[in-house]
Amino acid sequence: MSEQQLRFYQTTLGKKVIMAISGVILIGFVIGHMAGNLQVFLELVEEGKGKTKLDEYAAFLHSIPALLWGTRIVLLVSVFAHFFSAFSLWKQNKRARPQDYRISVSRASTYAARTMRWGGVIVLLFIVYHLLHLTVGSVGPEVVYGKVYDNVVRGFSNPSVAGFYI
């Protein structure tokens with residue numbers, strides 16, 4: 001990384017650019033992940049089709065280790081960059097005004113902007129649960145490798161788990 005790039009990252013704008021780029025990468029993954037997993041509903045169209053398509057989709061992804069691990073690395077770097085930039089901006093804000101206002105009136109920001117960090121924490125907790133539930137299998141029913149459709153059906157047969165995901 002050049003000195004000029006490092007200086008740009010150290011600015012507020014640079015950190016916000018990193019957050020925006022990493023956020024777009026993460027949202028792109030969520031949309032792609034959801035599109036792949038929606039194949040589970042093909043079962044409603046034709047019996048056996050959703051099970052076959054979803055399991056084939058998962059097998060395809062696992063058959064290309066470079067794609068799988070490349071995606072995982074990009075996601076981890078994006079999560080780290082997003083979190084580090086957010087934390088850095090939060091610290092910078094705290095240093096700029098270490099004492100809270102006596103009366104807090106947010107005129108220039110929206111409710112979404114003020115609660116965004118909590119949304120990030122909720123999404124992080126959801127991702128951890130999702131990985132533990134349907135990838136690792138340490139919460140909920142046992143995960144059987146290669147049987148993605150069966151794992152999803154077994155996992156979502158618990159109404160509280162289905163409610164949590166919804």
* Asked: Does atom NZ of K51 have more than 12 heavy-atom neighbours, drawn from other residues, nucleotides or ligands, at distances under 6.0 Å?
  -> yes
* Asked: Shortest non-hydrogen contact from A81 to I18?
  -> CB-CG2, 3.8 Å
* Backbone N or O of W118 within a donor-acceptor pair of the T115 side chain at under 3.5 Å? -> no
* Hey, does W90 have a side-chain heavy atom less than 4.5 Å from the side chain of K94? -> yes
* **Straight-line distance of Q92 CD to R95 CZ, nearest 0.5 Å** => 6.0 Å
* Joint hydrophobic cluster, V77 plus I27, side-chain heavy atoms closer than 4.5 Å -> no
* To do: Considering non-hydrogen atoms only, spot the tightest contact between E142 and N151 and give its length.
  => O-OD1, 4.0 Å
* To do: Measure from the side-chain N and O atoms of D55 to the backbone N and O of K147, and report whether any donor-acceptor pair falls under 3.5 Å.
  => no
* Considering non-hydrogen atoms only, spot the tightest contact between H82 and S22 and give its length. => ND1-OG, 2.8 Å
* Asked: So, do F8 and V17 sit near enough that their side-chain heavy atoms are less than 4.5 Å apart?
  -> yes
* Given side chains that start at C-beta, do those of D150 and V144 come closer than 4.5 Å, heavy atoms only? -> no
* Would the number of heavy atoms belonging to other residues, nucleotides or ligands and lying under 6.0 Å from CZ of F80 be above 12? -> no
* **Nearest non-hydrogen partners of Y9 and S85, listed with the distance** => OH-OG, 3.4 Å
* Structure fact -> NE2 of H33 to NE2 of H130, rounded to nearest 0.5 Å, is 3.5 Å
* To do: Would you mind reporting whether V143 and R154 have side-chain heavy atoms less than 4.5 Å apart?
  => no
* Would you call Y129 and Y165 a side-chain contact if the rule is heavy atoms closer than 4.5 Å? -> yes
* Asked: Linking I/L/V/M/F/W/Y whenever any side-chain heavy atoms sit under 4.5 Å apart, do F60 and L38 land together?
  -> yes
* Asked: Is F84 atom CZ crowded by more than 12 heavy atoms from other residues, nucleotides or ligands, each under 6.0 Å away?
  -> no
* Starting at OH of Y57, measure out to CG of N37 and round the result to the nearest 0.5 Å. => 6.5 Å
* Structure fact -> Here the gap from L67 atom CG to R72 atom CZ, rounded to the nearest 0.5 Å, amounts to 10.0 Å
* **Beyond-backbone contact of L134 with F156, side-chain heavy atoms, under 4.5 angstrom** => yes
* Answer with yes or no whether the hydrophobic clustering places V30 together with F126; edges join I, L, V, M, F, W, Y residues whose side-chain heavy atoms lie under 4.5 Å apart. => no
* Centroid-to-centroid, H62 to Y145, below 6.0 Å? -> yes
* For the residue pair L68 and L61, what are the closest heavy atoms and their distance? -> CB-O, 3.9 Å
* Structure fact -> One should read off an interatomic distance between T52 OG1 and E43 CD, to the nearest 0.5 angstrom, of 7.5 Å
* When clusters are formed by joining ILVMFWY residues with side-chain heavy atoms under 4.5 Å apart, either directly or through shared neighbours, do F87 and L89 land in the same one? -> no
* Asked: If you look at every heavy atom in V152 and V40, which pair is closest and at what distance?
  -> CG1-CG2, 4.3 Å
* Indicate if L131 and L76 have the same hydrophobic cluster label, given that clusters are the connected sets of ILVMFWY residues with side-chain heavy-atom separations under 4.5 angstrom. => no
